[in-house]
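Please read the structure below before turning to the comments.
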Amino acid sequence: MSATFTLVDVKKHCTAKDCWMIIHGKVYDVTSFLSEHPGGEEIMVELAGQDATEAFDDIGHSGDAKKQLADFLVGTLEGYVPGAAAAAGSTGAAEGSKDSSCTIQ
Ligand code: HEM
């Protein structure tokens, strides 16, 4: 689990069939979890390939939900500064805009 990804890497995985997201500087492959997510698949796919930290925290996910994250971890985000996640754009250095560049959904 020592892989490091850039925001551009993560953005490539932006469909319901290949869905990665960033939460607190960690990169998760949640593809297999989409259909099981209690909050629904669609809400997750909307954030596919993006930083979902704010959305994840805003929901007030339970401790169980936070523990579940570990099952999907694939690596960490390059250049991640703890605590700066809410400042969208700061996590990806100059590599991409805030909005997903995904065009194949
Ligand atoms: C890998 C990431 C995620 C995991 C493991 C996860 C897991 C869960 C779990 C276990 C629940 C049930 C309630 C709880 O235990 O807190 C839940 C509910 C929910 N999740 Fe997520 N979630 C993830 C990402 C997201 C994201 C990115 C969103 C953002 C929009 C989201 C939106 C919701 C909503 C709206 C509910 C509430 C459903 C309800 O109460 O009717 N989740 N999630």
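Indexing begins at 1, ligand by ligand and atom by atom, following the structure's order.
Not one N or O on the side chain of Thr76 forms a donor-acceptor pair closer than 3.5 Å with the backbone of Thr4. Listed for the Asp18 side chain is no donor-acceptor partner under 3.5 Å among the backbone atoms of Thr15.
Taking each heavy atom of Cys19 and Ala48 in turn, the nearest pair found is SG-CB, 3.6 Å. In terms of heavy-atom proximity, Ile23 sits nearest to Thr53 at CA-OG1, 3.4 Å. The heavy-atom pair separating Glu41 from Ser35 by the smallest distance is OE1-CA, 4.0 Å.
Of the candidates Lys66, Glu54, His37, it is His37 that places a heavy atom closest to atom 43 (N) of ligand 1.
Applying the 4.0 Å criterion to heavy atoms of Ala55 picks out, from ligand 1, the atoms 29 (C), 30 (C). Close contacts of ligand 1 with Leu69, meaning ligand atoms under 4.0 Å from a residue heavy atom, involve 1 (C), 2 (C). Of all the atoms in ligand 1, the ones that sit under 4.0 Å from a non-hydrogen atom of Phe33 are 3 (C), 4 (C), 5 (C), 6 (C), 7 (C). Using a 4.0 Å cut-off to heavy atoms of Leu47, the atoms of ligand 1 that qualify are 27 (C), 29 (C), 30 (C). The ligand atoms of ligand 1 that sit less than 4.0 angstrom from a heavy atom of Ala52 are 27 (C).
Nearest protein heavy-atom neighbour of atom 11 (C) of ligand 1: Pro38 CG, 3.3 Å. The nearest heavy-atom contact from the protein to atom 3 (C) of ligand 1 is Phe56 CE1, 3.6 Å.
At a threshold of 4.5 Å between side-chain heavy atoms, the hydrophobic network of Ile, Leu, Val, Met, Phe, Trp and Tyr places Val45 and Ile59 in two separate groups. Cluster membership for Ile43 and Phe56, using ILVMFWY side-chain heavy atoms within less than 4.5 angstrom, is shared.
Checking only distances, Asp64 never comes within under 3.5 Å of ligand 1, N or O to N or O.
By the definition of a contact as any protein heavy atom under 4.0 Å away, atom 41 (O) of ligand 1 is not in contact. There is a protein heavy atom closer than 4.0 angstrom to atom 35 (C) of ligand 1. For atom 16 (O) of ligand 1, a protein heavy-atom neighbour is found at a distance under 4.0 Å.
Under the 30°/60° scheme for interplanar angles, the aromatic rings of Trp20 and His13 are found to lie parallel.
Among heteroatoms of the N, O or S kind in His61, NE2 lies nearest atom 21 (Fe) of ligand 1.
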